[in-house]
S.K.: 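Please see the structure below; I have some questions.
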Amino acid sequence: GVEVGPQPQGVARADVLDRMRKIVKHGLDFVQLFNEGKEFPPCTIEVFKIMEKVDYPRNKNGEIIAIIHPKLQDQDWKPLKNGDPLFLTLDGEVIPYQGNCTVYPTFINEAAYYEKKQAFVKTEKIQLTAKHLRLSVS
């Protein structure tokens, strides 16, 4: 599957559709080149590995008591460090991120995830190395 966003639910955006088409085309080009016997050298790529889902702060009745801090909103894939603003209570109190490492939040404040009790997903940036790749002909 390919997910390109962010994009509000039920909204079709031309720029997001164009990016999705380009990604799918690159994938199909790769499959074609691989099937034609093209060699692909080893490479390293930076990826984001999911660590955990983070819920909104809630009271004892399970009601949300804080929203995403404005400085975090629309900052998907950008570093979040210890002490950075995370949530803002309805009383105006800032709840900072408390972690022992820099993380990269994704799916920040996505409407589709409210019912799943998910304010965002914490990811870590890692390097993956792919070995030499070539179709082996029998």
Side-chain angles (χ1 to χ4, degrees):
V2 175
E3 182 174 340
V4 180
Q7 174 173 294
Q9 290 175 285
V11 174
R13 289 181 43 162
D15 61 332
V16 174
L17 180 60
D18 183 55
R19 285 190 293 175
M20 188 267 314
R21 283 184 176 144
K22 287 177 181 172
I23 290 169
V24 170
K25 183 183 178 318
H26 286 302
L28 293 172
D29 288 346
F30 169 81
V31 170
Q32 181 176 348
L33 291 170
F34 177 79
N35 287 340
E36 291 172 355
K38 168 121 172 104
E39 263 187 75
F40 294 91
C43 67
T44 301
I45 186 170
E46 203 170 70
V47 299
F48 295 88
K49 180 180 175 185
I50 293 175
M51 298 169 69
E52 67 179 305
K53 296 174 183 178
V54 177
D55 192 9
Y56 293 89
R58 295 178 185 271
N59 64 19
K60 62 183 175 186
N61 297 324
E63 299 162 327
I64 294 174
I65 59 168
I67 58 176
I68 295 293
H69 192 279
K71 289 186 178 178
L72 180 60
Q73 184 65 52
D74 302 321
Q75 298 301 307
D76 295 76
W77 313 110
K78 296 190 179 156
L80 179 66
K81 300 179 290 273
N82 188 45
D84 286 348
L86 191 58
F87 295 105
L88 186 63
T89 68
L90 302 179
D91 296 332
E93 179 187 339
V94 174
I95 300 173
Y97 170 63
Q98 296 177 345
N100 54 4
C101 65
T102 298
V103 296
Y104 299 82
T106 63
F107 307 112
I108 300 169
N109 202 24
E110 293 274 347
Y113 297 122
Y114 271 70
E115 65 189 36
K116 297 177 182 181
K117 296 183 176 182
Q118 181 178 313
F120 63 92
V121 173
K122 282 191 335 189
T123 69
E124 62 180 328
K125 192 187 296 190
I126 62 171
Q127 299 278 327
L128 290 182
T129 301
K131 297 178 182 177
H132 172 264
L133 184 62
R134 183 176 184 195
L135 179 65
S136 58
V137 181
S138 301

S.K.: Begin from the C-alpha positions of F120 and Y113 and carry the test ring pair (Phe, Tyr, Trp, His ring centres under 6.0 Å) through to its verdict.
M.R.: CA-CA 8 Å; F120 63 92; Y113 297 122; over 10 Å; no
S.K.: For G92 and L88, which heavy atoms make the closest approach, and how far apart are they?
M.R.: O-CD1, 3.5 Å
S.K.: Compare every heavy atom of C101 with every heavy atom of M51, then report the nearest pair and how far apart it is.
M.R.: CE-SG, 4.3 Å
S.K.: Check the hydrophobic clustering (I, L, V, M, F, W, Y; side-chain heavy atoms under 4.5 Å; chains of links allowed) and say if V11 and L17 are grouped together.
M.R.: no
S.K.: For atom CD1 of I126, decide whether the heavy atoms of other residues, nucleotides or ligands shown that lie under 6.0 angstrom number more than 12.
M.R.: yes
S.K.: Under the side-chain contact (heavy atoms from CB on, under 4.5 Å) rule, what do R21 and V24 come out as? Steps first, then yes or no, please.
M.R.: CA-CA 5 Å; R21 283 184 176 144; V24 170; 5.9 Å; no
S.K.: Treat each ILVMFWY residue as a node, draw an edge where side-chain heavy atoms are under 4.5 Å apart, and state whether I68 and V103 are in one component.
M.R.: yes
S.K.: Sub-3.5 Å donor-acceptor pair from the side chain of N61 to the main-chain atoms of E63, do we have one?
M.R.: no
S.K.: Please report the interatomic distance CG(L28) to CD1(I23), rounded to the nearest 0.5 Å.
M.R.: 12.0 Å
S.K.: Which pairs, with at least one residue in residues 35-55 and sequence neighbours excluded, count as a ring pair (Phe, Tyr, Trp, His ring centres under 6.0 Å)?
M.R.: F30-F40, F48-W77, F48-Y104
S.K.: Applying side-chain contact (heavy atoms from CB on, under 4.5 Å) to H69 and L86, what does each step give before you reach the verdict?
M.R.: CA-CA 5 Å; H69 192 279; L86 191 58; 5.7 Å; no
S.K.: Does any part of the side chain of R58, heavy atoms only, come nearer than 4.5 Å to the side chain of I64, both counted from C-beta?
M.R.: yes
S.K.: For residues P57 and I95, report the shortest heavy-atom separation together with the two atoms involved.
M.R.: CG-CD1, 3.9 Å
S.K.: Y56 and N109: side-chain contact (heavy atoms from CB on, under 4.5 Å), yes or no, with the steps?
M.R.: CA-CA 9 Å; Y56 293 89; N109 202 24; 2.7 Å; yes
S.K.: Give the intermediate values and the outcome of side-chain contact (heavy atoms from CB on, under 4.5 Å) for residues I65 and T89.
M.R.: CA-CA 6 Å; I65 59 168; T89 68; 5.7 Å; no
S.K.: With a 4.5 Å heavy-atom cut-off, do P42 and H132 have their side chains touching?
M.R.: yes
S.K.: Quick check: closest heavy atoms across K53 and V121, and the distance to 0.1 Å?
M.R.: CG-CG2, 4.1 Å
S.K.: Can you tell me how far the CG atom of N35 sits from the NZ atom of K38, to the nearest 0.5 Å?
M.R.: 14.0 Å
S.K.: With rounding to the nearest 0.5 Å, note down the distance linking CD in Q127 to NZ in K49.
M.R.: 14.0 Å
S.K.: Nearest 0.5 Å, what's the CG-CG distance between N82 and N100?
M.R.: 8.0 Å
S.K.: To the nearest 0.5 Å, what is the distance between OG1 on T106 and NZ on K122?
M.R.: 12.0 Å
S.K.: With rounding to the nearest 0.5 Å, note down the distance linking CE in M20 to CG in D18.
M.R.: 9.0 Å
S.K.: Quick check: is I50 connected to L80 through a chain of hydrophobic side chains (ILVMFWY, heavy atoms under 4.5 Å apart)?
M.R.: no
S.K.: What are the two closest heavy atoms between D84 and P79, and how far apart are they?
M.R.: OD2-O, 4.2 Å
S.K.: Mind checking side chain to side chain contact (heavy atoms under 4.5 Å, CB included) for H26 and listing every partner two or more places apart, or none if nothing turns up?
M.R.: none
